[in-house]
2 protein chains.
Amino acid sequence: MGKRQYGQFCGLVRAVELVGERWALLIVRDLLVSPKRYTDLKRGLPRIPTNVLSTRLKELEAAGIVERRLLPRPDGSVVYELTEYGADLEDVVLALGRWGARSLGDPRPDEIVTPDSMVIALRSAFRAGAAATESDVRFELRLGDVVVHAHVAAGVLTAGVGAAPEAEPDLVIESGPAIRAVLAGEVDAGTALDEGLVAVTGPKELLAVFTRLFRL
Amino acid sequence: MGKRQYGQFCGLVRAVELVGERWALLIVRDLLVSPKRYTDLKRGLPRIPTNVLSTRLKELEAAGIVERRLLPRPDGSVVYELTEYGADLEDVVLALGRWGARSLGDPRPDEIVTPDSMVIALRSAFRAGAAATESDVRFELRLGDVVVHAHVAAGVLTAGVGAAPEAEPDLVIESGPAIRAVLAGEVDAGTALDEGLVAVTGPKELLAVFTRLFRL
DNA sequence: CTGGATCCCTCACGATACTG
DNA sequence: CAGTATCGTGAGGGATCCAG
């Protein structure tokens, strides 16, 4: 296993040997959001062949990046989660995501948005500096049937899949692929509302707060 | 070209579509050190098939990551260099290199060290915080016939291939693969000297400075 | 010599069907 | 639900060859 070697004694080489294979980093992306079962991973990566998913999980486990854990009875199901070493890829994934976002352009005809990718996008875009002056605010972001939430408090972001837990969001933002332009700072909050790129439920001013907190 | 798509509208997906193919990030690594000709790249990546190198360069050029430039006569040769967008991968490459270095272990039988990978390793390991208190110091690092230099001044690192330019190094460090353990902080400067893991020419105290400035 | 192009072979990947 | 089995395709590996 791992026959695809590059023949160099170098940290970057080792990294691409471990997570450079096709689909590997996307599996890590989804596991950064939350531990998942095989089927959840498959749903989040609809185009991955099942044998490739299976192979990658074994490779990532052998590399100490992913752990396979059995859930307590009665379901006795399997969950995959990142080890501490695997979770240390978060900075890399966020940085790569920011860099790649600059080439995003418009969605291709067959491209989808998944909840996990949207959570990672929010984490990528989060600006801790701007958040330091912000007290406590909850957003819910809806793109089609993809719903994610973000809670900023004490300069720290908590983002996850689904509606905001524990408390009602201060602002609900509904949008589409145009959210990319908003996050990229290509249109400001007012313009986005005026042109119908986004619709909000809640105090409109909070959309400007959102664009200040999240910027790709 | 670029038919290998993942079907998701996501920054990370776009990033791996652009630089996730085999060898791509290693080409970027070497170009981060300096612009290079085709043959230089080939020498720095001895195991890359020439058709793959050629294909990658075209893909990277099409993606706006690499630029092809013709040198002035009389040699009229071609140089590949990173665009600004491509150079923005430096943080990602250094972070990935740091992460992967933790899985380095010992060199495999057929693994080599190249000058460019060593320069990137030094940049990965550089701790700007520790350097802020350091005035001005030049190192030359020799591993077999691989020679690189590092100059730290005003908290800024300048590292490149070959002997230190402009001035004699304050300390010449000769070592082998054991340099990894030193950079990882697994052995301190004194022990490394005592056990013969490294040999120096110059004031021995400067080796402790080196281990403070560079830590993986 | 540089900067590739071409050939062949293998294996990883992609797609789909199937199973405990 | 959580994978394994099967099979076709094409990218990558390796050697060689060629034009400027």
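Numbers restart at 1 for each chain; the letters A, B, ... are given by sequence-line order, proteins then strands. Side-chain atoms are counted along with the backbone in the values below, which use heavy atoms only and exclude waters and symmetry mates.
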Trainee: Just checking, Arg22(A) and Tyr6(B): is the charged tip under 6.0 Å from the six-membered ring centre and within 45° of the axis?
Mentor: yes

Trainee: Send over the distance from Leu71(B) CG to dT2(C) P, rounded to a whole Å.
Mentor: 13 Å

Trainee: Using the side chain to side chain contact (heavy atoms under 4.5 Å, CB included) rule, take Ile173(A) and Phe139(A) through it: C-alpha gap first, then chi angles, then the decisive distance, then the call.
Mentor: CA-CA 7 Å; Ile173(A) 305 173; Phe139(A) 299 100; 4.2 Å; yes

Trainee: Which nucleotide of DNA chain D is the first, and which the last, in the 5' to 3' direction, to come under 4.0 Å of a heavy atom belonging to chain A?
Mentor: dC1(D) to dG12(D)

Trainee: Salt bridge check: are Asp110(A) and Arg47(A) linked by an N-O gap of less than 4.0 Å?
Mentor: yes

Trainee: Please report, rounded to the nearest Å, how far the P atom of dG3(C) is from the CG atom of Leu57(B).
Mentor: 11 Å

Trainee: So, are Arg138(A) and Glu140(A) salt-bridged, with charged N and O less than 4.0 Å apart?
Mentor: no

Trainee: I'd like to know whether CG of Asp136(B) has more than 12 heavy-atom contacts from other residues, nucleotides or ligands below 6.0 angstrom.
Mentor: yes

Trainee: Rounded to whole angstroms, how far apart are CZ on Arg37(B) and C1' on dC1(C)?
Mentor: 9 Å

Trainee: Check every strand shown and say whether Arg43(B) touches a base, only sugar-phosphate, or nothing at a heavy-atom separation below 4.0 Å.
Mentor: nothing

Trainee: Would you call Lys58(B)-Glu61(B) a salt bridge at under 4.0 Å N-O?
Mentor: no

Trainee: In this structure, which one of Ile179(A), Leu141(A), Val182(A), Val152(A) forms a side chain to side chain contact (heavy atoms under 4.5 Å, CB included) with Phe214(A)?
Mentor: Val152(A)

Trainee: Measure CD1/Ile27(B) against C1'/dG4(C) and give the value in whole Å, please.
Mentor: 14 Å

Trainee: Could you write nucleotides 11-20 of chain C as a row of B, S and -, 5' to 3', where a protein heavy atom under 4.0 Å of any base atom gives B, of only sugar-phosphate atoms gives S, and otherwise -?
Mentor: -SSBBBB---

Trainee: State whether Arg69(A) and Glu81(A) are salt-bridged, where the test is any N-O pair (Lys NZ or Arg NE/NH1/NH2 against Asp/Glu carboxylate O) under 4.0 Å.
Mentor: yes

